[in-house]
Q: 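This is the structure I have questions about; it appears just below.
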Amino acid sequence: MNLESLAAELRGFVGVTRKKQIGELISFFPIESERIIASFGEDAAVIDDGDEVMLFAADGIWSKLMDADPEWSGYCSVLVNVHDIAAMGGWPVAMVDVLSAGDPEISKRVLKGMKKGIEKLRVPIIGGHLHPDTPYSALDVAILGKAKKNAVILSSTAQPGEVVIAAYDTDGKPHPKFSLSFDSTSFKESSVLAEQLGAMRELGESGLVRAGKDISNPGLLGTLAMLMETSKVGAVVDVDAIVVPEGLTLAGWLQMYPGMGFVVTTRPENQERVLEVFTRRGLTARVIGRVTEERRLIIRSGEEESVLFDLTHECVTGIH
């Protein structure tokens, strides 16, 4: 395995590079509220609500995905938002959407996918906005969730010395119309998905995990890099420990949205218990690395290693 080539491919992956402009936007949004516990850099904003917190997030569907398959876009709009809440150790409450589609047929296909996502993940859409006359097609969804205040899992709390654990469902296959999307959910029963998503809530409420994210468009290592950037730490990852679904290459898998997956950090003495929770709930989980003080994400295979991201002078999102 040529790690330098792998690192170069992942650094140039559009799922990673399209995140870099996020940090530039933050200065336009001053936050003046004592109720905001956490905001930018997290999978969902955390708002004080007594013994619980409200979790508030939004996701826009990638135009490439919308062009490839409007129905799958609709389904994924629900899936990714529910994952944002689960990643924080919470449970989803409801969603609202903004749909723009000048073509009634595209709109119908998007809505059909959203309906399937709602039924599969059991989270309602209760309002939103429709643009029926746009020259383009776009879909954005926002979600409200809740969590126990002492059980929230953040992206900004990873500590040097912790281990990195990746957990995802390998039972699936790439979507036939969009190869960067691994479908591990659409054919599963709702109860199975609820069990898998509930892993993060169990880990948060048990105190086993305090830092984590759902694996999103930047892929496993791109998502880990965002967590490292927000936590102001680094990591060393053994790529040989990463489980790759049958029929896929490591490079291909690391550029996929896995459908159902999380990356977390935990203290070494808790790693077996964290692995047990993920495994019991139907996810393939492995320790893939460790958190370091040096702000670099290094990938390693045997005696060979390569710097994937040097966060001392480059960024993934620009959120510090």
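Just so it is clear, the values below take in all heavy atoms, side chains as well, and ignore hydrogens, waters and symmetry mates.
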Q: Do the side chains of Ile118 and Ile125 get nearer than 4.5 Å, heavy atoms only?
A: yes
Q: Between CG of Asp103 and OH of Tyr136, what distance do you get to the nearest 0.5 Å?
A: 14.5 Å
Q: Assess, by modelled atom type and distance only, whether the side chains of Ser156 and Glu42 contain a donor and an acceptor separated by less than 3.5 Å.
A: yes
Q: Evaluate side-chain contact (heavy atoms from CB on, under 4.5 Å) for Ile288 paired with Ile165, printing each intermediate quantity in order.
A: CA-CA 6 Å; Ile288 64 168; Ile165 293 176; over 6 Å; no
Q: Are side-chain heavy atoms of Leu248 and Pro174 found at a separation under 4.5 Å?
A: yes
Q: Is there a side-chain contact between Trp72 and Leu79 in this structure, where contact means two heavy atoms from C-beta onward sitting under 4.5 Å apart?
A: no
Q: Can you find a heavy atom in the side chain of Thr265 that is under 4.5 Å from one in the side chain of Val163?
A: no
Q: Which atom names give the shortest non-hydrogen contact between Ile61 and Cys76, and what distance separates them?
A: CD1-C, 4.1 Å
Q: Quick check: does any side chain N or O of Ser231 sit under 3.5 Å from a backbone N or O of Thr157, one acting as donor and the other as acceptor?
A: yes
Q: Between CG of Leu111 and CD1 of Ile106, what distance do you get to the nearest 0.5 Å?
A: 12.0 Å
Q: Could you label the plane-to-plane angle of the Phe182 and Trp253 rings as parallel, tilted or perpendicular, counting under 30° as parallel and over 60° as perpendicular?
A: perpendicular
Q: Compare all side-chain heavy atoms of Lys148 with those of Asp51 and state whether any distance is below 4.5 angstrom.
A: no
Q: Salt bridge between Arg201 and Glu205, side-chain N to carboxylate O under 4.0 Å?
A: yes
Q: Is it true that, when you exclude Glu269 itself, more than 12 heavy atoms of the residues, nucleotides or ligands shown sit nearer than 6.0 Å to its CD?
A: yes
Q: Does Asp48 come within less than 4.0 Å of Lys149, counting only side-chain N to carboxylate O?
A: yes
Q: Measure the shortest side-chain to side-chain distance between Leu154 and Met88 over non-hydrogen atoms and say whether it is less than 4.5 angstrom.
A: yes
Q: Please check if the side chain of Arg210 supplies one atom and the backbone of Gly204 the other of a donor-acceptor pair under 3.5 Å.
A: yes
Q: So, Glu52 and Lys146, do they make that salt bridge, N to O below 4.0 Å?
A: yes
Q: Taking all atoms of both residues into account, what is the closest heavy-atom pair of Lys120 and Ser190, and its distance?
A: O-OG, 2.7 Å
Q: Shortest non-hydrogen contact from Ser77 to Met114?
A: OG-CG, 3.8 Å
Q: Check the orientation of His129 and His131. Use parallel for under 30°, tilted for 30 to 60°, and perpendicular for over 60°.
A: perpendicular
Q: I need the Ser73 OG to Leu65 CG distance, nearest 0.5 Å.
A: 3.5 Å
Q: Kindly give the heavy-atom pair with the smallest separation between Asn81 and Val141, and that separation in Å.
A: OD1-O, 3.2 Å
Q: Do Glu202 and Arg280 sit within salt-bridge range, that is, some charged N less than 4.0 Å from a carboxylate O?
A: yes
Q: Taking only Lys NZ, Arg NE, NH1 and NH2, and the carboxylate oxygens of Asp or Glu, determine whether Glu304 and Arg300 approach each other closer than 4.0 Å.
A: no
Q: When you check the side-chain N and O atoms of Ser184 and Tyr168, is any donor under 3.5 Å from an acceptor?
A: no
Q: Check whether any side-chain heavy atom of Val80 lies under 4.5 Å from a side-chain heavy atom of Ser216, and answer yes or no.
A: no
Q: Side chain to side chain donor-acceptor pair (under 3.5 Å), that's the test. Do Lys213 and Ser155 meet it? Break it down for me.
A: CA-CA 6 Å; Lys213 294 184 77 68; Ser155 298; 3.1 Å; yes
Q: Once rounded to the nearest 0.5 Å, what's the spacing between atom CG of Leu308 and atom CD1 of Ile299?
A: 5.5 Å
Q: Which residue, Leu311, Thr223, Thr292, forms the side-chain contact (heavy atoms from CB on, under 4.5 Å) with Met228?
A: Leu311
Q: Show, in sequence, the C-alpha distance, side-chain angles and deciding distance for Asp49 and Arg35, and conclude whether the side-chain contact (heavy atoms from CB on, under 4.5 Å) test is met.
A: CA-CA 8 Å; Asp49 193 33; Arg35 294 189 65 190; 3.8 Å; yes
Q: Less than 6.0 angstrom separating the ring centers of Tyr257 and Trp62, yes or no?
A: no
Q: Would you call Leu144 and Met54 a side-chain contact if the rule is heavy atoms closer than 4.5 Å?
A: yes
Q: What's the separation between atom CD in Glu305 and atom CD in Glu4, rounded to the nearest 0.5 Å?
A: 10.0 Å
Q: Check whether Val192 and Val82 end up in the same hydrophobic cluster, where Ile, Leu, Val, Met, Phe, Trp and Tyr are linked by side-chain heavy atoms less than 4.5 Å apart.
A: no
Q: Evaluate side chain to side chain donor-acceptor pair (under 3.5 Å) for Gln271 paired with Thr266, printing each intermediate quantity in order.
A: CA-CA 6 Å; Gln271 70 181 52; Thr266 190; over 6 Å; no
Q: Checking side chain to side chain donor-acceptor pair (under 3.5 Å) between Tyr75 and each of Asp183, Thr185, Asp69, which is the one that passes?
A: Thr185
Q: Restricting to non-hydrogen atoms, name the atom on Ala166 and the atom on Leu220 that form the minimum distance, rounded to 0.1 Å.
A: CB-CD1, 3.8 Å
Q: Can you tell me how far the CE atom of Met66 sits from the CD atom of Glu71, to the nearest 0.5 Å?
A: 12.0 Å
Q: To check you understand the geometry: which heavy-atom pair defines the closest contact between Gly89 and Ala147, and what is its length?
A: O-CB, 3.9 Å
